Amino acid sequence: MSTWLMKSEPSEYSIDRLEQEKCSSWFGVRNYQARNFMRDQMQVGDVVLFYHSSCKEVGIAGIARVASLAHPDESQFEVGKYFEPKATREKPIWYCIDVAFERKLQKIYTIGDIRATPGLETMKILEKGNRLSITPVTETEYQILLSYLDTE
DNA sequence: GCCAACGTTGGC
DNA sequence: GCCAACGTTGGC
């Protein structure tokens with residue numbers, strides 16, 4: 001089982017919204033590397049660290065689980081923000097997975113907290129210039145993070 | 001297939 | 001709102 005960090009702007013989609021909806025498709029990813037993670041590697045039951053970006057308190061806001069294998073992202077067929085003119089039903093370009101709410105952190109584990117946590121310096125999210133919206137988290141990083149969350 | 005120009009991301 | 005860093009586009 002793997003762990004992933006998935007970024008979302010809370011003004012677009014927040015952990016609170018996922019808590020309400022319980023489960024949601026992670027549609028709208030328009031980056032090939034992130035798509036490939038979803039399409040080729042993500043498995044049902046994988047842990048998702050739900051990260052809030054571009055907001056007042058940037059950081060890990062909660063924990064979710066991958067709830068489906070990749071399936072075509074419906075928003076690529078619909079006129080609007082995520083429309084992809086080159087995609088067809090027969091040959092979709094973009095894929096997404098579903099994500100199920102697990103829990104909200106009592107307190108956001110901020111990017112500053114992550115930076116200051118021994119052993120988490122290696123997290124992709126901290127790499128300079130990293131803009132990938134989905135990044136793999138190692139088992140070690142996940143365990144270290146968990147140990148800090150539980151002592152909050 | 002190179003690479004400059006452009007648009008976007010995202011922390012600060 | 002700034003701006004560095006990155007991905008994508010498109011002319012050649």
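As the structure is a prediction and not an experimental result, all values here were calculated from the model. Every chain is numbered from 1 and lettered A, B, ... according to where its sequence line falls, protein lines coming before strand lines.
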Smallest separation among heavy atoms of A:Tyr95 and A:Arg35, with atom names: N-CG, 4.0 Å
message: Just N and O in the side chain of A:Lys128: are any of them under 4.0 Å from OP1 or OP2 of C:dA4?
response: no
field: Whole-Å gap separating P (B:dG11) and CG (A:Asp113)
entry: 14 Å
query: When we call it a touch if two heavy atoms are under 4.0 Å apart, what does A:Arg30 touch: a base, just sugar-phosphate, or nothing?
result: nothing
query: Expressed in angstrom and rounded to an integer, what is the separation of A:Asn130 atom CG from C:dA5 atom P?
result: 13 Å
task: Figure out the CG/P separation between A:Asn31 and C:dT9, and round it to whole Å.
output: 11 Å
query: If you check every side-chain atom of A:Arg131, which of C:dA5, B:dG11, C:dT8 has the closest atom?
result: C:dA5
- request: Rounded to the nearest angstrom, tell me the gap between atom NZ in A:Lys86 and atom C1' in C:dT8.
  value: 10 Å
task: Could you check how far CD1 of A:Ile111 sits from C1' of B:dT9, rounded to whole Å?
output: 13 Å
- prompt: Parallel, tilted or perpendicular: which describes the rings of A:Phe37 and A:Trp4, with under 30° parallel and over 60° perpendicular?
  reply: tilted
- request: Specify the separation, in whole Å, of atom NZ of A:Lys7 and atom C1' of B:dT8.
  value: 12 Å
- request: Look at the rings of A:Tyr109 and A:Tyr148 and say which category their plane angle falls in: under 30° parallel, 30 to 60° tilted, over 60° perpendicular.
  value: tilted
task: Give a yes/no answer on whether the side chain of A:Tyr51 brings an N or O atom under 4.0 Å of OP1 or OP2 in B:dG11.
output: yes
field: Polar contact flag, side-chain donor to acceptor under 3.5 angstrom, A:Ser75-A:Arg30
entry: yes
Nearest-Å distance for atom pair NZ/P, residues A:Lys81 and B:dT9: 8 Å
query: So which nucleotide from B:dG10, C:dG7, B:dC12 ends up closest to the side chain of A:Gln33?
result: C:dG7
query: Rounded to the nearest Å, what distance is computed from the CD atom of residue A:Glu127 to the P atom of nucleotide C:dA5?
result: 14 Å
